[in-house]
Amino acid sequence: MSTETLALPRTQLSEETLLEMYWMMLLSRRVDERAWVLHRQGKITFHVSAIGHEAAQIGAAFAINRGVDYVNPYYRDLALSLAIGTTALDFMLGLFAKVGDPFSGGRQMPSHFNSHRLNIISGSSVVASQVPQTSGLAFAIKYRQTQGMVDPKDTSQPRLALTCLGEGSTSQGDWHEGLNWAGVHHLPMICLVQNNVYAISVPIQSQMAVKNVADRASAYGIVGVTVDGNDVLAMYDVMKEAAERAYNGGGATLVEAKTYRMTPHSSDDDDRSYRTREEVEEWKKKDPISRFQSYLQAEGILTQALIDDYEARARDEVDAAHKTAEAAPSPAPEDTLGDVYAPLED
Amino acid sequence: MSTETLALPRTQLSEETLLEMYWMMLLSRRVDERAWVLHRQGKITFHVSAIGHEAAQIGAAFAINRGVDYVNPYYRDLALSLAIGTTALDFMLGLFAKVGDPFSGGRQMPSHFNSHRLNIISGSSVVASQVPQTSGLAFAIKYRQTQGMVDPKDTSQPRLALTCLGEGSTSQGDWHEGLNWAGVHHLPMICLVQNNVYAISVPIQSQMAVKNVADRASAYGIVGVTVDGNDVLAMYDVMKEAAERAYNGGGATLVEAKTYRMTPHSSDDDDRSYRTREEVEEWKKKDPISRFQSYLQAEGILTQALIDDYEARARDEVDAAHKTAEAAPSPAPEDTLGDVYAPLED
Amino acid sequence: MANMTLIEALLMAMDEELARDERVFITGEDVGKRGGVFRATQGLYEKYGATRVIDSPLAELSIVAIGIGAAMAELRPICEIQFADYIHPAFNQIVNEAAKTYYRSDGQWRVPLTIRTPYGGGIGGGLYHSQSVESFFAHVPGLKVVIPSTPHDAKGLLKSAVRDPNPVLFFEPKKGYRAIKGEVPETDYTVPIGPARIAREGRDISVFAYGMMAHYAVIAAEKVAREDGIDAEVVDLRTLLPVDKQAILDSVKKTGKALVVYEDNLTMGYGAEVAAIIADEAFEFLDGPVKRLAGPDVPAMPFSHSMQEFFMVNPDKIAAAIRDLTAY
Amino acid sequence: MANMTLIEALLMAMDEELARDERVFITGEDVGKRGGVFRATQGLYEKYGATRVIDSPLAELSIVAIGIGAAMAELRPICEIQFADYIHPAFNQIVNEAAKTYYRSDGQWRVPLTIRTPYGGGIGGGLYHSQSVESFFAHVPGLKVVIPSTPHDAKGLLKSAVRDPNPVLFFEPKKGYRAIKGEVPETDYTVPIGPARIAREGRDISVFAYGMMAHYAVIAAEKVAREDGIDAEVVDLRTLLPVDKQAILDSVKKTGKALVVYEDNLTMGYGAEVAAIIADEAFEFLDGPVKRLAGPDVPAMPFSHSMQEFFMVNPDKIAAAIRDLTAY
Ligand SMILES: Cc1ncc(C[n+]2csc(CCOP(=O)(O)OP(=O)(O)O)c2C)c(N)n1
Ligand SMILES: Cc1ncc(C[n+]2csc(CCOP(=O)(O)OP(=O)(O)O)c2C)c(N)n1
Ligand SMILES: [Mg+2]
Ligand SMILES: [Mg+2]
């Protein structure tokens, strides 16, 4: 696994797309950094970070039919969520738990991404519980196609279901049962494990006795791939292949993105008790954004002027989102009582 | 997989032991057959059968330290339970749910084997739930050894934990989580999957997308072995190796015994709706007892006279057990109220 | 109208819903060729095919989770858990997921899911084929919990469950599968989820029950009417969540006496909630203590016939409790 | 005697039990180097080593199941579930396995297991870090359910739990971890599982509570004593299963009025059982309806501060409820 340079993309991506990917990674990073600042300032109470995971998530997002295919994210999927179509403001409204928070109306903790419009599914905080549900979404896709209710080629319809989780969460029974269905029913599904070596403080060797999470795919009769999760182009390639497999009736794929969270687990965590500063520094050298930036600059796609431009745009967006969210009113206390049951149809 | 002849045992077994194995298989079969008769006569309400599984279970039992090592069986483990030291009468008392039933005092359905004295653990009917518990038993063994509370060579102490279940039950999350612990903590454990192709009516291809259950061992970093479960000697060899691995700190083994249940799932089942008579007949030709008998006869270890002798002994034991159990009183209704909480120690 | 058993009515409901709505499918262990271990789905695999009647792997958590995912994608899953005793592995998926999805998504994602499962004792099933599990789920807002006691209601309520945009737990009193018979219209009717049903009108005492116990309570009420001239009202609760408070209070206000009957163990069983509602909101109308008749507080129902009968509530025990409370 | 927080008392109890009995070990997520996400096991890994303080895989079902197996093998596991909200994946292992093992084995196998987990709201945790889950388990004979509200009881009850030959669910009011302080003896004392505690004696009304709500109820009682001259008795239930019926009945018989306070949602919360017991066995002593003050019937506690405060029961709400019922 080369951590210094990026893989050459096997798939041809336009310069425009490459720049869009860069932009999304950058925006995610800047939004995320602002959240840490807001937390230090005591303006928000909690943040869980995607810093370090941007390449894995952006590579994944760009490989699927964004806003149409079902995506069942986890709390670390800020970049993924943005790339699918949610905004910095959406995120900030959730962070401040203010009126207009499109994820949960202030009911859930931050980073519980959700948009019915974009087919992003609202998850719980219970890790891995979304995996067999994603199998259910994929099951529904296949059901509709088999029953002739939709055309399998119709790109306005969801044609795969993607879920993400951390490597630690694969210890859950939910994961096993979900992937087992995916295998038995040959479901159009991608399970993306963002392996950042730790589950809070617990290192992967206390979590599983295999070297690669992807090795576990063979227990379900599905394809497993391990990829450098800090290489956005390698990620894109692997995810694209997995998506094509799903679209073409080839069944599910388990993708393992090897990456690292460059921050503590969340704003509640202090990672100094369980990992060395040297280790963290080592990984910071593999920062997915700098790596992609170097690549794009070397390829002559990205200039310093453009970078400055993107940075300014990001700052503006983050500032505006932060201000709007901070100024927005809190939910009415009585909102507690809403949305317990969906109303009956006629 | 030869289904006609038996593997030559790699391990040297005395004639005496071979005959004891034959006897246990025969006894289990005759007890089992009687249970079916009793059910047809309306004398008992339920029976779940081990017929067809005797080689898998007897091969397993003889490879461990019977009555000392922990065994967490499942409902189909009649032969295993007998080989560890429970009796035909024990089973019959459970079958009739009479006073003296040593498994549960009439509280559980039949075939919920249990003996604290023999380190057979009382299980529930919830399939696979015993698997991670068995990891817990194995964990305790290792804990005691690591802490110096017992000598790892002391054969009066449990040195491994064995659990059995059907192939269908490996779909449960419990199984995944249990084997994951076994792998991570390198536990002295054997998970024996008795793969009889069906989970009630559901065939294995609707259950999992892999050819062999044992293939799944690689997801846990443990050894997986597939063996002809109708070949008692092959079973013994594989289990012996697994046991030695456990005893010597080599970690856990997943053993898959390919077999077939020659009866319906239980006395409540009618298997004609989901499998052909031809298939059943085909497997009857591979009857583990006849195969072993032919082998022992060919080797000159078993004579017709001895067979007749064993049959007579089995008939006597079964008759006596049946009579005693039938004549025994039912538990007092108020026994319902006992054993809710264990009393405090001082 | 046809006279049929409870389980036949359930089968009829599923058959009609499968025919009516292409989005309806069934999954669970042995629901396919085998037609279910109780035969509740008998013939549906042959009629609707393997895409719509699907044998699941042996894994309840995923049976429910597949249902949740498919329901979020706006199919209409009917998930069968083979015995209520085996619903516990799916507890997290039901309680943390199905029940909370609509709420946590601010009303964006709904889970129109039906989970059917046979529950209750008296059939020689021992600890793990006899459990009553309704009280766990009746504590969870976001779920609906339904238990029919007549074939008519079984069909009508199951159809309502399938069409409900929320997760519905549909518990079927398995002892009554073939023991309870009644008239069932062949038409496409529904029975609304929510309202309780007065199974027998009476003036002297209110008996609250559901499932097999509602059936038994009517038998007991007829018995005490005959033998003791007691006129007991039997309220078949039918929907446990959301609870029909009004029906409970109306009945107690009329009779002044309340007996709650359930076959689950006593402590924290569903009758606790019914009793608590009465003790709060009908306090001034009470002519006697609020009584509960339930199973003993032991881990589960034993297998042996002698112990099972000791555990089970039956019409005689109900009749005795009615007499005692009426005499108070 | 030392003045310390609730969580310090818990840590002290575990430290002492680890030192006292070699069979005691701790497992759970992040309990090792990290010392637990709430720091309840801080320093124990360093002191007792990796064999006895074990970071588990991220899988609650197996944390409990490993505990069950090890307990059957006569070790004394203390299993930590990081948040009570995540106990649901282990529901089957607790309810069908741990609770029923002694019974199903005819008393041959026991499960001396302690499951610790922080529960309750008010800490900005939203739907999945605020749940109260005690009522699910208080329905399950074979389990013991314990909830301390003072540092003294926390230490003494946790030590009793570790030594108990049965599975004990030990729920810790996390909002009180650092907020509740008190005197804790440095000696090796235990507080028995079972008996409730009169947290404040009074004559006018009985308030039943546990955990954070018991703490709040005392504050509320002092407030109404000061402001309204109401003399409220506060009973800290401490052990929810088996329930201390006698303590409940004695108190109500004395005061004639009963208010049950819990922070879980109302319907089928633990207060339902307390109310039902009173409505049955103290009926003749009641001078007013049995009242419950609890959270609203919504799927879980929301994150936003405004909604969280709406959901949470607090001393003011309790004081108001005391006043209302006293005035009845
Ligand atoms: C079922 C469950 N148990 C525990 C937690 C608490 N928790 C939140 S995140 C986390 C670690 C997750 O690690 P991993 O799956 O590797 O994902 P990462 O955070 O490293 O991306 C834990 C233990 C939870 N959310 N859900
Ligand atoms: C959790 C759970 N779900 C369902 C059942 C009902 N049930 C009992 S045995 C069985 C099939 C088991 O199949 P398999 O694991 O292959 O074992 P076999 O009976 O074939 O030996 C089922 C579904 C159960 N006992 N436990
Ligand atoms: Mg991780
Ligand atoms: Mg099988």
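We name chains A, B, ... by the order of the sequence lines, and we start the count at 1 in each one.
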Between C/A99, C/A138, C/A90, which has the largest tally of heavy atom pairs under 4.5 Å with chain D? C/A138
Could you give the distance from CE (C/M268) to CE (D/M268), rounded to the nearest 0.5 Å? 4.0 Å
Euclidean distance, D/D280 CG relative to C/L259 CG, rounded to 0.5 Å: 10.0 Å
Can you see which heavy atom on C/A275 is nearest to which on D/A276, and at what distance? CB-CB, 3.7 Å
What is the minimum heavy-atom distance between D/Y328 and C/E284, and which atoms define it?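 In terms of heavy atoms, the two residues are closest at OH-OE2, 2.5 Å.
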Contact class of C/V290 relative to chain D, heavy atoms under 4.5 angstrom: both
Is there a side chain to side chain contact (heavy atoms under 4.5 Å, CB included) between C/F283 and D/L286? Walk through the geometry before answering. CA-CA 9 Å; C/F283 174 71; D/L286 283 175; 3.8 Å; yes
Side-chain ion pair, D/R292 and C/E273, N-O less than 4.0 Å: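 Yes.
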Do [X] and [Y] have side chains that get closer than 4.5 Å, going by heavy atoms?
X: D/K100; Y: C/Y128; value: yes
X: C/Y103; Y: D/L127; value: yes
X: D/D264; Y: C/H139; value: yes
X: D/F91; Y: C/N92; value: no

Indicate whether the side chain of C/Q131 and that of D/N96 have a donor and an acceptor atom separated by less than 3.5 Å. yes
Please look at [X] and chain C and tell me whether the side chain, the backbone, both or neither of the residue comes under 4.5 angstrom of a heavy atom of that chain.
X: D/L143; answer: neither
X: D/I277; answer: both
X: D/V95; answer: side chain

Find the one option among D/P302, D/S135, D/P289, D/G269 whose heavy-atom pairs under 4.5 Å with chain C are most numerous. D/P289
If the plane angle is over 60° it's perpendicular, under 30° parallel, otherwise tilted; pick one for C/F136 and D/F136.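 Tilted.
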